[in-house]
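Encoded as structure tokens, the structure appears first; notes follow it.
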Amino acid sequence: MASMDTDSFVEKMEEKFHDNDSDSESYSDSDDDHSNRPPVKAAGSNVYRLFGREQPVHKVLGGGKPADILLWRNRKSTGIALGAGTAVWVFFEMMEYHLITFICHLLIMFLGGLFLWSNASVFIHKSPLHIPHIVIPEDCVLEAASAIRNEINRAFVVLREIGTGRDLKKFLSVVAVLWVISVIGGWFHALTLFYLFYLSLFTFPLLYEKHEDQVDAIGEKAMIEIKKQYAVFDAKVLSQIPIAGLKKD
């Protein structure tokens, strides 16, 4: 009887161990299946982005060294660029030195130094300075001219559409933008306005990248509200104004 009891006990223990092994294998299989599953997309993947942005901010800014500088990825280069711009602005504002005058004075000093050294080298038996022959490549000029030409042509198309009187929305948008620029331009000098724009390049992209979800959510609400207000304005005002070349149904 004792031997039979021990044999049954051993058989029960073996069955228990087999059950544990099978459970562990099933767990491992489930873990492997879980690890091999494709990542589940978030429910809010199709979120609103400002200006229809589909790429990260770093890619939108070019994705190279300039983007690293503007987004403070390279703090040393960013500090140098921001410090140099600030120093130039302080110099011209504090000294009340005009930019064109400063450039002309620099060129006068540079050319005068080269001229004096070239003539004095004959008397002091020194070799004259080697001035490199600088030539601007034609390809660079053509590419820049082509890019500028495309932008100018786009501006001409917009102006033509406004001039024909067929796009009241675009006309009001351009007038509003020009009016805002004229008001801001009246508050600051041209150099200060340029410095504020330069300073915003080092602040707005960084702040937007850190808080893009919150900013995009606010932007989406603002655009919805603007569209609602424009629809009301269009129904009550714009639709009542006759537009040249367009006939109402």
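Linking ILVMFWY side-chain heavy atoms closer than 4.5 Å, directly or via other members, places V177 and I226 in two distinct hydrophobic clusters. Follow the hydrophobic side-chain contacts under 4.5 Å out from I181 and you never reach I184; the two are in separate clusters. Tracing side-chain contacts under 4.5 Å through hydrophobic residues (I, L, V, M, F, W, Y), one reaches L199 starting from V90; they form part of the same cluster. Linking ILVMFWY side-chain heavy atoms closer than 4.5 Å, directly or via other members, places Y208 and F197 in a single hydrophobic cluster.
The number of heavy atoms from other shown groups lying within 6.0 Å of CZ (F204) does not exceed 12. The local environment of CD1 in I100 is sparse, with at most 12 non-hydrogen atoms from other residues, nucleotides or ligands closer than 6.0 Å. Within 6.0 Å of CD in Q214 there are more than 12 heavy atoms belonging to other residues, nucleotides or ligands. Within a 6.0 Å sphere centred on CZ of F171, heavy atoms belonging to other residues, nucleotides or ligands number 12 at most. Annotation: L116, atom CG; neighbour count of heavy atoms from other residues, nucleotides and ligands within 6.0 Å is above 12.
Rounding to the nearest 0.5 Å places NE2 of H58 at 8.0 Å from CD of E209. Between the CZ atom in F233 and the CG atom in L172 there is a gap of 6.0 Å [rounded to 0.5 Å]. Rounding to the nearest 0.5 Å gives a distance of 10.0 Å between CG of L70 and CG of L206.
For residues 68-96, the set of pairs meeting the ring pair (Phe, Tyr, Trp, His ring centres under 6.0 Å) definition, not counting sequence neighbours, comprises W89-Y195, F91-Y97, F91-F102, F92-F102.
The backbone N or O of I69 sits nowhere less than 3.5 Å from a side-chain atom of S77 that would complete a donor-acceptor pair.
Between Y198 and F194, the angle of the ring planes stays under 30°, which puts this pair in the parallel group of the 30/60° scheme.
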Output side-chain donor-acceptor pairs under 3.5 Å for residues 140-163, partner residues at least two apart or in another chain, one line each.
from	atom 1	to	atom 2	distance (Å)
N150	ND2	S146	O	3.2
N153	ND2	R149	O	3.3
E161	OE1	K170	NZ	2.5

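The side-chain contact (heavy atoms from CB on, under 4.5 Å) check on K228 picks up I224, E225, with sequence neighbours excluded.
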